[in-house]
Number of protein chains: 2
Amino acid sequence: MAKNYNLSASLEDYLEAILNLSSESSFARSKDIAKSLGVSRSSVTGAMHVLKEKGLANYKPYDYVTLTESGRSAAAEIARKHKILKSFFIDVLGVEGDVAQKAACKAEHELGPEIITKLLRFIEFVTQSSKNGFDLADEFQKFCKSSKQHV
Amino acid sequence: MAKNYNLSASLEDYLEAILNLSSESSFARSKDIAKSLGVSRSSVTGAMHVLKEKGLANYKPYDYVTLTESGRSAAAEIARKHKILKSFFIDVLGVEGDVAQKAACKAEHELGPEIITKLLRFIEFVTQSSKNGFDLADEFQKFCKSSKQHV
DNA sequence: TAATATAGTTAGCCTTCCCTAACTTTGCAA
DNA sequence: TTGCAAAGTTAGGGAAGGCTAACTATATTA
């Protein structure tokens with residue numbers, strides 16, 4: 001079970017970025033974390049101090065950043081949820097990938113656990129439905145085309 | 001058309017609270033705004049200064065707060081979106097009213113305009129579907145009951 | 001190996017939003 | 001009309017999160 005580390009949306013982003021970079025190139029450099037999140041290098045340094053304090057990252061000045069065991073599992077859980085949300089935003093709502101990515105990162109915090117839990121199940125449901133003859137994403141696309149925008 | 005006043009989630013909450021209080025009791029007092037948002041009275045004072053600066057509220061120390069014409073239309077637009085989102089959270093996802101309310105307030109900012117626009121249309125679509133034989137909310141409820149929780 | 005470029009850190013500052021404590025204003029009641 | 005309670009404001013501060021500029025460490029290259 002993932003513990004509650006009281007992570008802010010921002011810290012989750014850092015965690016996920018480290019996970020992604022680690023899997024891509026097997027190490028995460030401060031500068032690359034900064035680039036992937038669009039923040040300054042100094043902001044990364046600050047965040048690494050916090051993640052180290054929380055026991056989620058192995059941080060040593062002037063060294064690559066790695067995740068601790070806890071950090072890895074927390075990051076994986078975050079990434080899992082983000083992936084599902086992102087797919088809903090892209091495949092059902094039909095927004096662009098980067099927009100979906102950003103929204104997925106923010107969603108959990110701002111919407112809160114209850115909504116996210118339900119929303120994840122809802123997405124699961126929608127996915128199931130498509131397989132059972134009612135392709136919701138598809139129907140929604142049609143709906144969008146047929147009705148004029150007025151929102 | 002509603003202009004972009006660069007309102008933070010927090011300022012939108014204040015705006016909406018003023019609108020609601022005004023319609024309920026025809027005037028908005030600092031203390032009631034504070035109570036309805038769960039913040040201190042001094043926080044309200046601060047927010048009122050900002051809303052006045054942006055031309056959205058008529059603020060005079062020691063007087064009731066009212067909305068300007070712009071403030072009223074901005075607040076109405078915010079309230080409209082919140083209402084739709086809230087209904088999705090409650091009627092489709094099945095969460096509690098207060099949880100839904102909070103999430104609706106946060107959603108727009110954190111998710112961004114594209115997602116919200118699409119999401120509002122999606123909710124509209126879901127509503128339409130229910131009328132046309134496929135009651136999505138209902139189906140989802142059944143789905144929730146039939147499948148075990150594992151999120 | 002020395003010089004320079006790149007990466008990382010630190011210091012100091014800003015913004016937003018909130019808080020408490022203390023003060024001022026207003027309004028009601030004796 | 002005075003006098004107190006309630007409402008509102010101000011002052012001061014804190015937590016998050018970000019930034020730039022300047023400094024330090026590391027790495028590359030001539």
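Reminder, nothing fancy here: chain letters follow the sequence lines and each chain counts from 1.
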Hydrophobic cluster membership, A/M48 vs A/V50, 4.5 Å side-chain cutoff: yes
Return the set of residues passing salt bridge (charged side-chain N to carboxylate O under 4.0 Å, His left out) with B/K106 (not counting sequence neighbours), or none when no residue passes. A/E110
When you match B/D63 and A/A47 each to their closest nucleotide on DNA chain D, which lands nearer the 5' end? B/D63
Dump every N/O contact between nucleotides 14-17 of chain C and the protein below 3.5 Å, one line per pair.
from, atom 1, to, atom 2, distance (Å)
C/dC17, OP1, B/S8, OG, 2.3

Set of residues satisfying side-chain hydrogen bond (donor to acceptor under 3.5 Å, both in side chains) with respect to A/R41, sequence neighbours excluded: none
Regarding A/N58 and A/T66, is there a side-chain donor-to-acceptor distance under 3.5 Å anywhere? yes
Salt bridge present between B/K81 and B/E77 (N-O < 4.0 angstrom): yes
Specify the residues of residues 19-27 of chain A, ordered by number, for which at least one heavy atom lies under 4.0 angstrom from an atom of DNA chain D. none
Would you say B/S42 and B/T45 are linked by a side-chain donor-acceptor pair, where the criterion is simply a distance under 3.5 Å? no
Is a salt bridge present between A/R29 and A/D32, judged by a nitrogen-to-oxygen distance below 4.0 Å? yes
Just to verify, what does B/E12 make a salt bridge (charged side-chain N to carboxylate O under 4.0 Å, His left out) with, not counting sequence neighbours? none
Name the pairs: protein N/O against N/O of nucleotides 21-29 of chain C, kept only if under 3.5 Å.
from, atom 1, to, atom 2, distance (Å)
C/dT24, O2, B/Y62, OH, 3.4

